[in-house]
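Encoded as C-alpha cells, the structure appears first; notes follow it.
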Amino acid sequence: MKRIELTDIKKAYGETVVIPKMSFSIADGERLVLLGPSGCGKSTLLRMIAGLENIQEGVLKISGEDVSNVAPGQRNIAMVFQNYALYPHMTVEDNITYGLRQNKVPKEEVEKRLDMVLDMLDLRVYRKRKPKELSGGQRQRVSLARATVKNSEVFLLDEPLSNLDAQLRVSARQSLLDIHEKFKQTIVYVTHDQIEAMTFATKVILLNKGEIQMYDEPYNVYHHPSNVFTAKFIGSPSMNIMEHVHIISNFIRIGKQRMVLDREWRGYLEENTNYFCGIRPENLRITKKKSEQEYSQIEATVQYIENLGANFAVYLQVEGSQLVAVIKEPDFDVNEKVYIEFLQDHLHFFDGTTEKNLGRPASLHSQRQ
Ligand code: ADP
C-alpha cells in the first residue's frame, strides 16, 4: 500500500498563507501531477510530502502511517529535482549508488540495481564520466537513475524535465513511464506545463492560490473543466469564455447577437441568468457566407491569423470581445466579415457568479468513466 493522504494541511510562511487548508489522497501506483501557475503552492506541497518543509497543521500519511513528523530519510521516498542535484566530483555510477552505499545496502545488491538502471536509462557508456562531461538530458537520466535504485514506493519529482529541450523531454518522459511501468511507484510530479500533465498523469490536481480547482483524469480536466479557471488554464489556445451570456427563450444571447440554442440544451439553463459560456477553439466553425438558416451563426471580424503548423488559429472580434478558432486552412483576410457557428455539443456554461461549470444535459453527457 503506497497511498498518500493529506488531511487539513495548512502552510504559511510568516503572514503569507500558501495553503489555507487542503485535503486529498493519492491512490497506490497513481501518477499524480500537481499542476498550476507559478507560485500556487505546488512545490510547497511536494516538499511537505518529502519532509523538506514542516507541516504546520494537518496530517500526512504515507501507506497508512502518520509521517507528519518523520524525517525525510525515514519516509521511503525518492526525489528528483529540476536542477538534478548531482555530486560534481563523483562519477555517474557513484552518483547513482551513493545513497545505497550510505544505507549499507550489500555490494551485490548495489551492483544489481546499478546494472538494471544503467541499461534502463541508457547510461552504461557514461558510467565513468563526471556530471560536467554529460549533456543536460544525460544528467537528468542520472538523477532519475539515482532515484530509481532506491526502490522507493513513492517517487517525487519537482519540474524534472523543465531544463530539457522539447525532444529530450519526450524521451525523458518515456523513460519515466518505463520506470513506473516496471516499479509501479506512487508518483507525485510537479509542473506548470499542462502538456506535461496531460501526457504523463493518470490524475491531475490543478491548483490556484493554494486551492484545488479540480482533481480528475486528464481527459475530464480537458473535456469537463470544473470551473472557468480550469477551462482557461488547460488547452492552447485557451478555451473561449464569453461573459454575460444569457438564454432568452430558445436563443443564446451574446452581446447584441443571438443564436438558436440546440434542442438538447433547452430547458437545462435558466432564462435571464448571467452565464459564462465556453467553447474550445476547435469547436468553432467559420464560413464566409451567411447561412440561410436564420440565427444559426453570429457575425465576427477576422483580427489576425496565426500559423500553428498543422492548423491555424484565427482570432476574431465578436461583440467587443475576442474569440479564437483553430481550423485547418483559413481562406479569410484580416478585417473580413465572417460567420461563426458553435458545435453546441461542446459548449460549457458556467455560473456567472461562482464560475462553476453547470454540467450538461444527460442527452449530451459524455463523461468518460
Ligand atoms: P509553485 O511551486 O507553485 O511555483 P511554491 O510552492 O514554490 O509555488 O510557492 C508558493 C508560494 O509560497 C509563493 O508565493 C512563494 O513565494 C512562497 N514561498 C515559497 N517558499 C517560501 C519560503 N521559504 N519563504 C517564504 N515564502 C515562500
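Atoms within each ligand, like the ligands themselves, are counted from 1 in listed order.
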Next item on the list: Examine R31 relative to F200 and say whether NZ or CZ is less than 6.0 Å from the centre of the six-membered ring and inside a 45° cone about the ring axis.
Entry: yes
Next item on the list: List the steps, then state whether salt bridge (charged side-chain N to carboxylate O under 4.0 Å, His left out) holds for E109 with R113.
Entry: CA-CA 6 Å; E109 179 64 19; R113 293 195 205 172; 2.8 Å; yes
Margin query: Counting C-beta onward and ignoring hydrogens, is there a side-chain heavy-atom pair between L261 and F251 closer than 4.5 Å?
Written below: no
Item checked: Interatomic spacing from CZ in R141 to OG1 in T148 - rounded to 0.5 Å -> 12.5 Å
Item checked: atom 16 (O) of ligand 1 touched by protein (heavy atom, under 4.0 Å) -> no
Notebook entry, point to check: Got the closest protein heavy atom to atom 7 (O) of ligand 1, with its distance?
Noted result: S43 CB, 3.7 Å
Margin query: Test your reading of the structure: does V190 have an N or O sitting under 3.5 Å from an N or O of ligand 1?
Written below: no
Note to self: For T16, state whether at least one heavy atom is located under 4.0 Å from any atom of ligand 1.
What the structure shows: no
Notebook entry, point to check: Centre of Y222's six-membered ring, under 6.0 Å away, within 45 degrees of the axis: is that where NZ or CZ of R280 sits?
Noted result: yes
Checklist line | Atoms of ligand 1, numbered as shown, that sit under 4.0 Å from any heavy atom of T44 | finding: 5 (P), 6 (O), 9 (O), 10 (C)
Checklist line | Rounded distance (nearest 0.5 Å) linking atom CD1 of I252 with atom CD1 of I298 | finding: 8.5 Å
Notebook entry, point to check: How long is the span from the CH2 atom in W265 to the CD1 atom in I247, to the nearest 0.5 Å?
Noted result: 9.0 Å
Item checked: Taking atom 1 (P) of ligand 1 as the reference point, the nearest protein heavy atom with its distance -> G39 N, 3.4 Å
Check: Who's the nearest protein heavy-atom neighbour of atom 26 (N) of ligand 1, and how far?
Finding: Y13 CD1, 3.3 Å
Margin query: With the threshold set at under 4.0 angstrom, would you say G36 reaches ligand 1 through any of its heavy atoms?
Written below: no
Item checked: For V18, the ligand 1 atoms whose distance to one of its heavy atoms is below 4.0 Å -> 10 (C), 11 (C), 12 (O)
